[in-house]
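Residue numbers start from 1 in every chain, and the chains themselves are labelled A, B, ... in the order their sequence lines are given, proteins ahead of strands.
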Amino acid sequence: MPSFAEFIDVFLATTRDVLPIVTILVFFQFAILRQPLPNPRKLIAGFGFVLLGLVLFLIGLEQALFPIGRLMASQFSDPAFVGAAPGEAVDWTSYYWVYAFAFCVGFATTVAEPSLIAVAIKATELSNGAIGSWGLRIAVALGVAIGIALGCYRIVTGIPIHYFIISGYVVVVVQTVFAPRMIVPLAYDSGGVTTSTVTVPLVAALGFGLAESVPGRSTLIDGFGLIAFASLFPIMSVMAYAQLAEWQAKRARARRAAAQKNTPGKNTPGNDGPGEDVPGDDVPGEAT
Amino acid sequence: MIAFFELVVLRQPIPNLFQLLMGFLMVLAGLTLFIQGLELGLFPLGEGMAHAFARKGSVFWLIAFAFSLGFGTTVAEPALIAIAAEAAEIAAEAGVVKKNEEAMDSYALGLRFTVALSVGFAIVLGVIRILKGWPIHVMIACGYVLVVIMTAIAPREIIGLAYDSGGVTTSTITVPLVTALGVGLASSIRGRNPMLDGFGLISFASLTPMIFVMAYGMVI
């Protein structure tokens with residue numbers, strides 16, 4: 001059970017983190033814009049909710065997920081578990097459980113990431129529901145999961161990180177050309193939001209644990225880098241998600257067009273948003 | 001999922017089942033409150049300020065606001081403080097900096113300021129992009145090219161760290177605010193599409209730190 005003192009501690013720490021932001025906002029609102037806050041009571045209540053929500057969230061994580069996550073990260077990367085004598089070179093395939101664990105950690109932590117939820121809410125609102133909040137979150141989470149699993153593979157094999165990142169960039173640039181235009185800025189953003197409160201501590205622990213236990217890896221060169229993978233791959237997966245949705249919409253339209261061949265003159269719906277035309281069968285897991 | 005791994009793969013009982021359940025409940029309650037608070041407080045505030053700045057029409061103050069938002073929220077970011085301290089320790093062990101308290105502290109502090117500067121710069125750049133309506137993919141592609149060039153010349157030890165610092169900069173409070181700022185700006189300027197122009201600030205904020213941190217590594 002978390003004690004009351006612990007609660008106060010986390011509350012104070014979170015307040016301290018939020019304070020500079022509030023100071024900046026207040027300064028600009030009053031000194032530069034010279035306007036009273038619209039709806040001050042609602043705003044303060046909103047800030048209070050955010051603060052309280054974050055505190056509960058952090059304590060919950062500290063209670064439940066972090067100890068287990070850290071423990072498991074060290075257990076999985078332990079040479080004894082992998083089945084190798086210390087100091088002996090291990091084939092990268094022996095670490096398969098590490099990859100599976102990394103995939104699940106990436107997926108689970110990203111689905112629960114508060115900042116991603118915030119962006120997903122805004123995206124749903126702006127696209128009038130064409131981009132489902134859940135669809136986006138699952139696409140991002142899959143991207144992070146693949147990224148972290150691949151990052152672990154990199155730590156185990158010791159392939160220099162920039163090869164991966166640079167080829168990732170090339171894929172992103174190529175995808176940008178083909179992806180629906182509306183999704184591109186959102187996809188770029190989802191790379192950055194995936195990694196904050198929840199993901200970073202767990203993933204960093206996994207990376208350092210793995211780099212320490214795999215023979216011949218330096219923690220400085222190989223321990224970092226998982227987070228970079230986790231912020232590159234969602235860009236690809238979100239664009240892929242939009243491309244897939246668009247392709248399906250196109251196919252459905254083609255089918256419809258073929259069926260309606262005898263009744264020309266029907267206007268074709270626009271084509272800029274993913275899944276705009278065929279609500280229902282285009283977006284996996286869309287829940288609005 | 002975690003239960004599956006604990007029981008099936010590692011074959012160990014879950015320690016403190018009660019504590020675990022309590023934790024999960026708190027995480028759920030926390031997230032619910034957080035989302036409520038976003039809709040009530042952070043989103044309207046960010047968008048309201050963006051509208052107010054657009055009405056005021058002073059580009060200078062808008063940019064000053066964008067910079068301080070980026071800089072101020074990043075310098076105090078706990079994830080960044082943790083990573084910077086860790087990086088200083090590892091750098092000291094590797095002999096990049098001297099192994100004493102003072103050198104390590106200054107290394108960590110320098111790192112934090114570098115990242116915070118770069119985020120402030122990124123938000124400014126993103127705001128200018130919204131004002132001018134530059135296409136985002138061209139800018140991101142240029143950023144990538146810069147990262148690749150810097151990777152080739154930066155010292156090898158800093159590369160992993162630099163790539164990571166791009167990811168840790170965007171905290172849970174900053175993201176909703178910055179998103180609301182971008183969307184509010186894009187919707188109050190004529191001819192901008194909030195979906196197309198409003199997003200993208202965060203992607204700058206996770207790209208520039210890589211470039212700046214590698215530069216930091218080359219200077220040190």
Side-chain angles (χ1 to χ4, degrees), chain A residues 17-18 20-21 24 28 32-33 35 38 42-43 45-47 49-50 52-54 56-57 59-61 63-64 68 72 75 97 101 104 108 114-115 117-119 122 126-127 161-162 165-166 169 173 176 182 184-186 188-189 191-193 195-197 200 219-221 224-225 227-228 231, chain B residues 1-2 5 9-10 19-20 22-24 26-27 29-31 33-38 40-42 45 48 52 61 65 68-69 72-73 76 78-79 90 94 136-137 140-141 144 148 151 157 159-161 163-164 167-168 170-173 175-176 179 183 194-196 199-200 202-203 205-206:
Chain A
D17 298 337
V18 175
I21 305 175
I24 291 169
F28 275 92
I32 310 300
L33 292 172
Q35 275 176 353
K42 221 174 107 191
L43 282 184
F47 253 94
F49 277 4
V50 165
L52 197 67
L54 269 185
L56 279 179
F57 183 73
I59 296 180
L61 280 184
Q63 292 282 316
I68 293 199
M72 285 169 74
Q75 279 171 338
W97 276 117
F101 176 66
C104 293
S115 20
I117 297 177
V119 169
K122 265 271 156 286
L126 284 176
S127 64
I161 182 169
H162 43 269
I165 300 287
I166 291 171
Y169 284 170
V173 169
T176 305
M182 290 304 242
V184 169
L186 182 64
Y188 287 160
D189 264 7
V193 296
T195 43
S196 48
T197 336
V200 171
T219 29
L220 185 59
I221 296 178
F224 288 105
I227 296 166
S231 40
Chain B
M1 181 218 66
I2 286 198
F5 272 100
V9 183
L10 292 170
Q19 194 189 344
L20 194 75
M22 274 300 295
F24 265 115
M26 288 175 78
V27 167
L31 273 184
L33 272 177
F34 177 77
I35 293 171
Q36 279 296 320
L38 279 185
L40 269 178
L42 286 187
L45 184 65
W61 282 115
F65 175 67
S68 30
L69 196 63
T73 54
I90 294 171
I136 185 171
H137 47 271
I140 295 284
Y144 284 169
V148 171
T151 306
E157 295 80 24
I159 290 174
L161 173 65
Y163 285 172
D164 267 8
V168 298
T170 41
S171 80
T172 323
I173 310 258
V175 167
T179 308
V183 169
M195 192 67 209
L196 209 54
F199 290 104
I202 296 161
S203 59
S206 41

J.: Quick one: pull up OG1 in A:T176 and NE2 in B:H137 and give me the separation to the nearest 0.5 Å.
T.: 7.5 Å

J.: So for B:T151, is it side chain, backbone, both, or neither that comes closer than 4.5 Å to the heavy atoms of chain A?
T.: side chain

J.: Could you check which of B:G41, B:A141, B:G37 has the highest count of heavy-atom pairs closer than 4.5 Å to chain A?
T.: B:G37

J.: Between B:L38, B:L42, B:T179, B:L31, which has the largest tally of heavy atom pairs under 4.5 Å with chain A?
T.: B:L31

J.: What part of A:I165 lies closer than 4.5 angstrom to a heavy atom of chain B: side chain, backbone, both or neither?
T.: side chain

J.: If you take all heavy atoms of A:G53 and B:L33, which pair is closest and at what distance?
T.: CA-CB, 3.7 Å

J.: Select one option (side chain, backbone, both, neither) describing which atoms of B:L45 are under 4.5 Å from chain A's heavy atoms.
T.: both

J.: Which heavy atom in B:L196 sits nearest to a heavy atom in A:P185, and how many Å separate them?
T.: O-CG, 3.0 Å

J.: Is the shortest heavy-atom distance from the side chain of B:F34 to the side chain of A:I117 under 4.5 Å?
T.: no

J.: Out of A:I24, A:V173, A:L52, return the one with the most heavy atom pairs under 4.5 angstrom to chain B.
T.: A:I24

J.: Top residue by heavy-atom pair count (under 4.5 Å) with chain A, among B:V183, B:I159, B:L69, B:I35?
T.: B:V183

J.: Please verify the inter-ring angle class for B:W61 with A:F28; under 30° counts as parallel, over 60° as perpendicular, anything in between as tilted.
T.: perpendicular

J.: Can you name the nearest heavy-atom pair linking A:L56 to B:A29, along with the distance?
T.: CD1-CB, 4.1 Å

J.: What heavy-atom pair brings B:Q36 and A:F49 nearest, and what distance separates the two atoms?
T.: CB-CD2, 3.8 Å

